[in-house]
Amino acid sequence: MNKLWTGFIALIIFNGCKSNNGGGTALPILGNKATVTKKVNGKAVTDTEYATIPAFKFVNQYGDTITQKSLDGKIYVADFFFTTCPSICPKMHANMLNVYKEFKADANFRIISHTIDPKYDTVPVLKRYADKLGITGNTWWLLHGEKGDTYKISKSYLQSVSEKNPKGEYIHDGFFILIDKQKRIRGSYEGTDPAEVTKLIADIKTLKAEPDQINFK
Amino acid sequence: MKLRIIGLIAGAVLILAASCQSEQEMEFARYYSAGSLVYQQHCQNCHGDKGQGLQILIPPLTDSVFLKNNKTKLACFVKNGLEGKITINGRVFDDQMQGDDLSPLEIAKVLTYIANSYGNKLGTITLQQVQNDLKTCE
């Protein structure tokens, strides 16, 4: 009987710790947050709303239209690049390949790479780049779109991209941004740093295990 | 006492050996170490920290036979870039590499570094050689 009690108490403590600890092992939610008061059943309820990635429409390397709906129910990583980038992009995508290899079997995971040079990086150019990078299937989409649309959505990912400078170079951040199923920003990682990308892979596993992600419909 | 003498002799031999390092070897050492810095700044982002390249987008720098066969063209590749098909380690690459406007001395140093790293062993690529090779760029 005593044993049963001990077990019972242990269970309560364990569960208590787990719910308290939810924040301990969970990833932070980044981006702006706003306190909103809504009326639910006639009662005013105050809630915190986090910034989410807004609606978008781009085309991937297969010529398929990709919108925010294509990423519903998926955890994904986003970055910005261009195929002729002589500086940081090859390093970023060498590291991103590790993320791709780790999660390519997961149907609820995606990588999206937005080109910031849509004039040169047409859909066939993106397909060729994907082939040479050795990526197949639908895990990793290379997205083409209007320059204005890409530059606008980069701000939602807290990224800065800009037009060519006088030397003819595009200046852009090299971060990998982790987005959860609720389309909130959960992490930002320096894509050129292998150690940061290793952390990203670990964080994706942590995120996948969060109840909010498992139970998301 | 005996040990001391042996130690002294060993030390003397070591100093002699070090000073015997020829001018050429010292030049190689200077070029190589300076070249590794040029590599980090101008090449490593694409060709990788071990010269491994990236899939079939960016060729590795580990094909000693290619480097040897194209030894006199390497300076032009660095300065003016490279396009068209090349076969490296049996795989075909045909993307464009942009040139990098390095000085002839920097080119000599970085080529010495690359040509003697990642399994390559081509010896020093001198400033004189780079200056000659640059005259023949297409």
Side-chain angles (χ1 to χ4, degrees), chain A residues 61 79-101 104 111 113 115 117 120-122 124-137 139-140 142 164-175 190-198, chain B residues 35-63 66 74-103 106-107 110-111 113-114 117-119 137:
Chain A
Q61 72 265 37
D79 76 353
F80 294 84
F81 86 115
F82 59 108
T83 62
T84 52
C85 166
S87 54
I88 59 175
C89 307
K91 212 171 171 183
M92 287 166 65
H93 281 178
N95 290 331
M96 190 70 100
L97 266 179
N98 292 332
V99 181
Y100 166 80
K101 283 174 191 157
K104 70 177 172 188
I111 297 166
S113 292
T115 175
D117 184 8
Y120 183 82
D121 289 341
T122 56
V125 169
L126 291 176
K127 176 66 167 60
R128 194 166 152 271
Y129 179 86
D131 290 345
K132 292 192 169 188
L133 201 55
I135 61 175
T136 56
T139 302
W140 190 346
L142 306 168
K164 279 182 181 172
N165 67 13
K167 278 173 81 183
E169 300 159 328
Y170 285 98
I171 303 299
H172 64 110
D173 287 339
F175 286 93
E190 183 58 74
T192 52
D193 181 352
E196 288 252 316
V197 178
T198 303
Chain B
S36 81
L37 293 178
V38 178
Y39 182 81
Q40 283 169 31
Q41 285 166 12
H42 296 271
C43 317
Q44 187 168 303
N45 273 332
C46 291
H47 288 288
D49 58 348
K50 297 176 191 72
Q52 71 271 39
L54 177 59
Q55 305 288 79
I56 47 171
L57 274 170
I58 298 161
L61 303 172
T62 54
D63 189 338
F66 179 90
L74 298 177
C76 296
F77 292 168
V78 172
K79 189 160 183 77
N80 301 327
L82 184 59
E83 53 184 326
K85 279 186 184 172
I86 53 168
T87 304
I88 303 290
N89 292 338
R91 293 188 300 169
V92 175
F93 294 82
D94 67 351
D95 277 274
Q96 193 186 343
M97 175 175 80
Q98 291 181 359
D100 205 324
D101 199 16
L102 299 172
S103 73
E106 285 173 313
I107 293 174
V110 79
L111 286 180
Y113 172 73
I114 292 166
S117 300
Y118 323 126
C137 288

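Convention: sequence-line order gives letters A, B, ...; per-chain numbering from 1. Keep in mind that the numbers below use all heavy atoms, side chains included, and drop hydrogens, waters and symmetry copies.
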To the nearest 0.5 Å, tell me how far [X] [atom1] sits from [Y] [atom2].
X	Y	atom1	atom2	result
A:T84	B:Q98	OG1	CD	6.5 Å
A:T83	B:D95	OG1	CG	8.0 Å
A:K91	B:L54	NZ	CG	12.5 Å

Considering only NZ, NE, NH1 and NH2 on the basic side and carboxylate oxygens on the acidic side, decide whether B:D94 and A:R128 come within less than 4.0 Å.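 Answer for the salt bridge query: yes.
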
Could you tell me which portion of B:I58 (side chain, backbone, both or neither) has an atom closer than 4.5 angstrom to a non-hydrogen atom of chain A? side chain

Side chain, backbone, both or neither of B:D100 within contact of chain A (heavy atoms, under 4.5 Å): neither

Which residues pass the salt bridge (Lys or Arg N to Asp or Glu O under 4.0 Å) test with B:D63, not counting sequence neighbours? none

What closest approach, in Å, do B:Q55 and A:K132 show between heavy atoms, and which atom pair accounts for it?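 Residues B:Q55 and A:K132, closest heavy atoms: CB-O, 3.1 Å.
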
